[in-house]
Amino acid sequence: MSHTDQPCCTDNWPQIKAKSEAALPRAIVEYIEQCRAKEHAESQLISVLHKLQGTVGYIGKEQIDAVAQLLGVPAAKVSGVATFYHFFSLEERGKFLISVCLGTACYVKGAQQVLEKFKEELGIESGETTKDGMFSLQVSRCLGTCGLAPVVMINEEVHAKVAPDNVAALLKMCQDKA
Ligand code: FES
C-alpha cells in the first residue's frame, strides 16, 4: 500500500482525503506526503505545523483536522501540540505577526512611537490584521531581550533597537519575503 492510500476504517476515505487536501496549501499536502513516507510519521508533526504556520500564518480547526487525517495522527494529538507551543497561533492572523514590546525597558526607549508608526503605516490598530491578510499587529510585554530595546518581533525573528524610521524598511522586508 502506498503512503497515499490511507489505511482507513471508513468507506468515504477518498472524500475525506479530498476535503483535507482542500483545507491545506498544495505545498503542505506534498510535505505531509513526504513525511508519511518516513518511518514514525507522527514525529514529523511539529515540523508539519511549523511549515503550515509559515505558509498560512495560523493553524485553525479545519487545518488541524486536515493534518490529522493526512498524517494519520489523532486530531487530539495535533491540537494538543498546536496549543502547547506558544509559537503556534490558533487564531486567524496575518502572514506576519508583528509584536511590539511595550515592557518598561522598551517603553522608555521609545517603543510607543514605534508602535504608532506601525499603526500608521499599516492603517490598523493593535490587535487587528490588515485586509490583505498580510500583517497582524499586537503589543507584548517584556520579550526577555531588554538589552536590545526597543524590540519588535516579526514572527520568530527579533529586531533590535527599532526606531520609527526603521518601520517602513521592516514592512518592506516582509513584503519581499512573502
Ligand atoms: S521590556 Fe522589551 S524586551 Fe524587555
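Whatever order the structure lists them in is the order used to number ligands and atoms, beginning at 1. Computed from a predicted model, the values in this text were never measured in an experiment. Only this structure's heavy atoms are used, side chains among them; waters, hydrogens and symmetry mates stay out.
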Where Y107 and L102 come nearest, the two heavy atoms and their spacing: CB-O, 4.0 Å

Applying salt bridge (Lys or Arg N to Asp or Glu O under 4.0 Å) as the test, list every pair that has at least one member in residues 160-178; sequence neighbours left out. E157-K177, K172-D176

Distance col, row I32:CD1 vs S47:OG, nearest 0.5 angstrom, shows 10.0 Å

Give me the atom names and distance for the closest heavy-atom approach of T130 to D132. OG1-OD1, 2.7 Å

Regarding E33 and R36, does a basic nitrogen lie under 4.0 Å from an acidic carboxylate oxygen? no

Between the side chain of E30 and the main-chain N/O of A27, is any donor-acceptor distance below 3.5 Å? no

Mind listing the protein N/O/S atoms less than 2.8 Å away from atom 2 (Fe) of ligand 1? Waters don't count. C101 SG, C106 SG

